[in-house]
Number of protein chains: 4
Amino acid sequence: MRKHPGKSRVLTSVAEKRGRPRSSESTSAILEATLRLLKEHALRDITIEMIAKSAGVGKTTIYKWWPNKAFVALEAFGLEMRRDVLIPDTGSAERDFCEQLQSVIKFYTSKTGRIFSQFLAECQSDAEFASQFRERFLLPRRAAVQVIWQRGVARKQIDRTIDMDTVLDLIYGPMIFRLLAGHAPLNAKEASGIVAAAFRGFSPRS
Amino acid sequence: MRKHPGKSRVLTSVAEKRGRPRSSESTSAILEATLRLLKEHALRDITIEMIAKSAGVGKTTIYKWWPNKAFVALEAFGLEMRRDVLIPDTGSAERDFCEQLQSVIKFYTSKTGRIFSQFLAECQSDAEFASQFRERFLLPRRAAVQVIWQRGVARKQIDRTIDMDTVLDLIYGPMIFRLLAGHAPLNAKEASGIVAAAFRGFSPRS
Amino acid sequence: MRKHPGKSRVLTSVAEKRGRPRSSESTSAILEATLRLLKEHALRDITIEMIAKSAGVGKTTIYKWWPNKAFVALEAFGLEMRRDVLIPDTGSAERDFCEQLQSVIKFYTSKTGRIFSQFLAECQSDAEFASQFRERFLLPRRAAVQVIWQRGVARKQIDRTIDMDTVLDLIYGPMIFRLLAGHAPLNAKEASGIVAAAFRGFSPRS
Amino acid sequence: MRKHPGKSRVLTSVAEKRGRPRSSESTSAILEATLRLLKEHALRDITIEMIAKSAGVGKTTIYKWWPNKAFVALEAFGLEMRRDVLIPDTGSAERDFCEQLQSVIKFYTSKTGRIFSQFLAECQSDAEFASQFRERFLLPRRAAVQVIWQRGVARKQIDRTIDMDTVLDLIYGPMIFRLLAGHAPLNAKEASGIVAAAFRGFSPRS
DNA sequence: CTATAACCGAGACGGTACGTCAGGTCTTCGC
DNA sequence: GCGAAGACCTGACGTACCGTCTCGGTTATAG
């Protein structure tokens, strides 16, 4: 059905395994080469040929398993991200969000993490990639931070009438905006300011 | 000594006008052709050659005045945007922000306005473009909506201890995030939910 | 280590045949297209893009195997010339040279043969081409007409003290000069006049 | 009638002097710049823009008076050549031709003189240039060396039944051929060999 | 243990667009 | 109204990658 099975080739049922199996060496060589290149260059500047050469692999092998370089990068980055997201549990929802946001900011502005904003960029011109990015990357991470919200609601630290997407986007949206547009600073202090404002709201104390 | 003066060649003072002057017909033909193409295609899919052909102009003429198609699009879009941003004044800061956000969302998801997210994408791989984008596009618009904030503070509808960037990013950040990632809906109702949450804060009513 | 092996890639020994092999269809399509174009246009007016389009081939394929259009034309023309040079054998060296010169003139002034003078022109601005032209074209043809000289010497119809290059250039030089400069007619009658004068010399009969 | 009057603008009669007159400074600056460039670069590598810049002149000024760079070079070279051709007079036609040929070879292989073969090359792709080249350059020089032939005939050193063009082309053709094709050496010794062979003819001494 | 199948590297291929260069034309100004 | 300056359109340049397509060869299962 799908031309590029990507990772989902997992469930190729039982049979159907005649012929030489996919070389896991090639696969990992490709992903590692991609990670290596991503630390030096922007995704835009990387070419399939660079990856192929750097991995010691034929271009065909790459095209066989991924439709384009963005998907390769997405899977490569997925490896790096396998280490679970740190979800603090301090007892205070505001404090949890603040610490989480700070660590996310630190990562997204790092040499490795800056690929994240390039993925968002790629989404603007490739709907299929956008879909994969949400499914494999964005939603899992939202599911992880969701527990902060849940605990906050349970502890009555967060208004239960506000839906979760709104809460999360109010926390992370400003960070994303600054990350992409660079119109305002992005650091630990700003992070706590954002979270504080989100919890208190703009309305002046009465 | 910028190589590509773009529009800022304004003040080349008095002298220095020997030779055939820049043809304003060519310039506007290029910008109009770009706008026309942007309504049909994504920025990524537009080529300098398409613009040149569509404008009845030589490629060289384009390269002479803009470093790449993103800059052309930025200037072209600037024309379209010259019409002032609508800044409502209802007496309520929350209501003003809400209406403003709704109209911005409507525009950014329209055929013409979707270029905005592509500009943000472009920023991720071209620092010089990012700088221009902020200077010519983002900051002017922020200056415009800033008056809502100012009025809100004056009317004591907005906490004066929260700095303006935080306020604006809490309003617009979630919209930008959803616009780019598409992980949650983006419409008038969502807009009012976001603004309401931002004003009230997450903390439950006591 | 020549960058452009041209035809001489003959002896690449045994190994070194990994990868998709060179397509002989493309090669011959290119050469045939070039010949076709050369019958309609001067070499100067032919572009690589014309050849590529006319051969249904990518430009890269041409650049991969030849450094520029002159080399393509040289190889294409070489094919046409593969048919052996006619070397008459009438018993008289003078008569042999005369007939040979006449047939050469006829060819060099024909639609196909006029490329010869364009090759000589190209030699003036490309030393590498000049070298190839001599090696692949000029010397083989000289080797062919050389036998007329040899038979003439053997039959004592040609003074053995005059070296061969001088003999050949006295026969063919005037033709070349007129071909290129066009300052005097060039036909069968002139050919026999030249050959006759070369054999008799300028000195009046005593 | 002619679009590019070239030199013939000399006789623009008397009147006709409305407007700013042609700047002789510009003209000579152009020609001198061209000569200067020709000593460093091949004609093929020189551009009108180089000449214009090097002469401190607009491109238009050049195009106004010459159709292309070859014509500029032809006129520029004409200046250099104004110094008369050396026509020796030793009493022997063979000796005269020999010395003349030697000096011509010396010049045509010099830094300045090598432009000659580039003119011949240009003739192959520009008929109008070829015509001008013959008229202004080739024929005058032939007229000059013609006197050697005439004296030779008068002194009965040259067979009067051989027409002049044949004589001259037998002398100069081999030199031209070698100059252009480079298949054989070209020096004083070769020159005398060629002239000697031309006078004696190939036929063995009886 | 042989046949069949899918994989793999290398690299040539037809293309598209790039950004540059020079050609020849035009438009403005100063002299 | 000439001539410089230089912007303009045109078209070809040679290059970089694209994604596809052979090749020769390898590595597994199936029979």
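In what follows, chains are A, B, ... by sequence order, proteins preceding strands, each numbered from 1.
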Q | A/T60, nearest nucleotide to its side chain (from F/dC17, E/dC8, E/dA10) | A | E/dA10
Q. Are the side chain of B/Q132 and the backbone of B/E128 linked by a donor-acceptor contact shorter than 3.5 Å?
A. no
Q.
Both C/S23 and B/K69 contact DNA chain E. Taking the nearest nucleotide for each, which residue is further toward the 5' end?
A. C/S23
Q | Presence of A/K59 side-chain N/O under 4.0 Å of E/dG11 phosphate oxygens OP1/OP2 | A | no
Q | Donor-acceptor pair, side chain of A/Q118 and main chain of A/L43, under 3.5 angstrom | A | yes
Q | Side-chain donor/acceptor contact of C/R20 with base of F/dC21 under 3.5 Å | A | yes
(Q) Can you tell me if D/E135 has over 12 outside heavy atoms packed within less than 6.0 Å of its CD? (A) yes
Q. E/dG23 P sits how many Å from D/I62 CD1, rounded?
A. 10 Å
Q) E/dC13, F/dT20, E/dG9: which one has an atom nearest the side-chain heavy atoms of A/Y63? A) F/dT20
Q.
How close do C/K69 and C/I46 get, counting heavy atoms only, and between which atoms?
A. NZ-O, 2.8 Å
Q. What residues form a side-chain contact (heavy atoms from CB on, under 4.5 Å) with D/S131, not counting sequence neighbours?
A. D/R134
Q. Under a 4.5 Å cut-off applied to non-hydrogen side-chain atoms, are C/L74 and C/F77 in contact?
A. no
Q. If only side-chain N and O atoms of C/S26 are considered, is one of them under 4.0 Å from the OP1 or OP2 phosphate oxygen of E/dA12?
A. no
**Q.** Positions of residues 37-58 of chain D (non-hydrogen atom under 4.0 Å from DNA chain F), listed by number
**A.** D/G56, D/V57, D/G58
Q | Residue mapping more 5' on DNA chain F - nearest nucleotide basis, C/P21 or C/N68 | A | C/N68
(Q) For F/dG14 and C/W66 - does any side-chain N or O of the residue sit under 4.0 Å from the phosphate oxygens OP1/OP2? (A) no
Q. Got more than 12 heavy atoms from elsewhere within 6.0 Å of NZ, B/K53?
A. no
Q: Using only side-chain N and O atoms of A/T61, determine if any of them is under 4.0 Å from OP1 or OP2 of E/dC7.
A: no
Q: Using atom NZ of B/K64 as one end and atom P of F/dC8 as the other, report the distance to the nearest whole Å.
A: 7 Å
(Q) If you compare every side-chain N and O of D/W65 against the phosphate oxygens of F/dC2 (OP1, OP2), does one of them come in below 4.0 Å? (A) no
Q. Which whole-number value in Å describes the distance from C/I30 CD1 to E/dA12 C1'?
A. 11 Å
